[in-house]
Amino acid sequence: MALLKMKFTQQRRVRLAQGLWLLSWLAVMCGAFIFCLGVYLKTELLRRDEVMDNTEIHVVPNILMMVGLASIGTNWVASRVCQDSLDASRFPRWKVLLLAWFAVAALLCCLLIAVVVLSYALQGRLEESLKVGLRNGIRFYKDTDVPGRCFQKETIDHLQMEFRCCGNNNFKDWFEVQWVSNRYLDFTSKDVKDRIRSNVDGRFLLDGVPFSCCNPASPRPCLQYHLTDNRAHYNYEYQSEELNLYSRGCRQALIDYYMDLMNSTGPGVLSVILIQMSVLLSLRYLQTAVEGAMALENPEGESEGYLLEKGVKQTFEDCKAKVLDMLKFAQVDAADAEVSPGAADAEKTVDNTTEKAASPTPAS
Amino acid sequence: MALMLVKFDLKKRVKLAQSVWFMYWFAVLAGVLVFSMGLFFKIELRKRSELMDNNESHFLPNLLILMGLIACGINAFGGKVCYDSLDPTKFAKWKPMLKSFLVFCVVFNALLFVTALLCFLMRIPLQFTLAEGLRNGMKYYKDTDTPGRCYMKRTLDLMQMEFRCCGNDNYRDWFEIQWVSNRYLDFSAKEVKDRIGSNVDGQYLMDGVPFSCCNPSSPRPCIQLQMTNNSAHYSYDHYTEELNVWKRGCRDALLSYYGGMMNTIGALVILVIMLEIAVTVGMQYVNSSLSTLANPEDPESESEGWILEKTVKETFTDIMDKMKAMGKGGKVEEGGEAAVATVS
């Protein structure tokens, strides 16, 4: 009992081939779109490479790029098959390839679904990576004279200005690290000596933030230093001041940015999956309809197209039997070598019994 | 003696019509390009109109938009005429309009040339508008509580960060105005009273700049306040310090930004002019080749095509004579009437 059988006249077959040809070119465009999406996502991740600790999240754009390229090739093959499908002399050469094509197309759809799932599942890993990366960035902010870290200050400043954020969780993260280099500290002054003595590690900590945390939307000129000291500034209340600095932490800002990016590509990826599935199903129909037509005496007559020759369960049993056969074949080959003398005896006795069973029958 | 005479047979005429039709479609796209460039320029000017005191002239982008629309129209019409030129019956209905259409095209090309020239010259008035606008903008930096000006601070800060510039000519412009609002000054403090007493207008002036002037590439945390006082900061010499704040003035930065945009637009308009001249010349050849068929009934006969029927000098004298005749014609009519009146 074939699965989803449909009748195809010659005209319908021609229409199906033409429609599928157009659809497969559309799918090629979609493949190119997926590839470009992967490239864009990868460049965005690489741009902020310095504040990320590991590259696990890069698996999403990598898969997108691979699937995009594979999809372009696969759908181009589908369009060639369509072009040849109505020509009885050229179609048979594609027969061998088609089973492999179906497997590849199904694999691409699965990979695309996996990408959508991964982009949600890896959010936690991205957050961890950003937490560690930003913490290091803030720690090395002052090391503008250390080779390899001299651009940390510029990177963090540009990041805070562009994403309108301050610190890792919030601006208080800056209170816990020394972000002013020792080269610019006057160690003879009392204030510096007090601050250095006030903590175990001998660091110059202050209740101040770099200028890149300043919020331009604040009505008053930016207050960067002595932030927790209400008396240091006129008409200033540190608990209720909201607009002076950016209130968001950079980790949250970057996660929001990347999640928005990946969420906005979600619908696009899902529609590409749909298009690829419809190309797969249509090609299967075309294949079975054309093969059916070629088997008829009149190639222009009606034929049947189906998705699976037998029902789903039956096809599954057939596949299982085939696979087990292949495995058994391998096992029997190996066993044969060891047991050949014993097997030969057993075969002889079996032959004798079958002969004995066979001999009375002609009489009866 | 015609200008640039070329002999045409049927095949050549067909080829000419097809290639001119093709070029007309490119010219339509070029018209769309000019229109979109005008629109882009207008939007960019609007975005920063606050910094130019809402005084900037929108003449050039409006002209570009108009030219783009007219170019699209003319070129679409020309394309249609070329398409019909291969069919004598269809071409016959366009024929009477062609001469005036071609004259209009020539005038349009001259206007396009004027537009391109303006693109390169508008830099000068823009310079003055920017200088005036920025100076006023800096004056209103502190007025975040005055309705109508409360966003000037944010606009200026964002502009200084985006264009990497500080002040009008350089950062010292901030030393000459009060950019801290009185609401945040403690008038009972001695320092404030000193500063206010130190100048005639009673303004709180200081040798400091807003945070948006800070340069992130500086190796040391930004020094915004007490910039001219070397002893206020450790290991600091304000004469040799280069990376601390942006060195460039915002007028220069904005001028080079808009100037670059206008130069690009001007160059593109010149390319569009060359394309327009090419299609006008092509259309003139199509017109002249179809009007000089050796045998008007036979569409396959030979014909000649030219740019001008007579030489340039002769055409020019012809035009002058025509204009004089039109002028005299009016006078002769009046004189004739008066003579008739006296005679009768």
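In the text below, chain A, chain B and the rest are named by the order of the sequence lines, each starting its count at 1. For the numbers below, each heavy atom of this structure counts, side chains included, while hydrogens, waters and symmetry mates do not.
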Side chain, backbone, both or neither: which part of [X] has a heavy atom under 4.5 Å from chain A?
| X | answer |
| --- | --- |
| Leu185(B) | backbone |
| Asn215(B) | backbone |
| Pro210(B) | neither |
| Ser217(B) | both |

Heavy atoms only, distances under 4.5 angstrom: which of [options] has the most pairs with chain B? Name it, please.
| options | value |
| --- | --- |
| Lys142(A), Lys153(A), Arg183(A) | Lys153(A) |
| Ala217(A), Ser189(A), Cys222(A), Cys214(A) | Cys214(A) |
| Asp145(A), Asn215(A), Asp143(A), Leu185(A) | Leu185(A) |

Item to check | Passing option when Phe163(A) is tested against His158(A), Gln252(A), Arg48(A) for side chain to side chain contact (heavy atoms under 4.5 Å, CB included) | outcome: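 In the set His158(A), Gln252(A), Arg48(A), the residue that makes a side chain to side chain contact (heavy atoms under 4.5 Å, CB included) with Phe163(A) is Arg48(A).
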Checklist entry - Out of curiosity, Leu245(A) CG to Cys213(A) SG, how far, rounded to the nearest 0.5 Å? => result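 With rounding to 0.5 Å, CG (Leu245(A)) is 6.0 Å from SG (Cys213(A)).
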Checklist entry - CG of Leu206(A) to CH2 of Trp179(A): how many Å apart, nearest 0.5 Å? => result 6.0 Å
Next on the checklist: Around atom OH of Tyr257(B), are there more than 12 heavy atoms from other residues, nucleotides or ligands closer than 6.0 Å?
Outcome noted: yes
Next on the checklist: A quick test of your reading: do over 12 heavy atoms of other residues, nucleotides or ligands sit less than 6.0 Å from NE2 of His233(A)?
Outcome noted: yes
Next on the checklist: I want to check a possible cation-pi pair here: Arg149(A) against Phe140(A), using under 6.0 Å from ring centre and within 45° of the ring axis as the test.
Outcome noted: yes
Checklist entry - Pick from Asp143(B), Leu156(B), Asp145(B), Thr144(B): which one has the most heavy-atom pairs with chain A under 4.5 Å? => result Thr144(B)
Checklist entry - Does Arg48(B) come within less than 4.0 Å of Glu162(B), counting only side-chain N to carboxylate O? => result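 Between Glu162(B) and Arg48(B) there is a salt bridge, with a charged N closer than 4.0 Å to a carboxylate O.
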Checklist entry - Going by an N to O cut-off under 4.0 Å, is there a salt bridge joining Asp256(A) and Arg248(A)? => result yes
Chain B contact via [X] - side chain, backbone, both or neither, heavy atoms under 4.5 Å:
| X | answer |
| --- | --- |
| Pro219(A) | both |
| Ile156(A) | neither |
| Phe187(A) | neither |

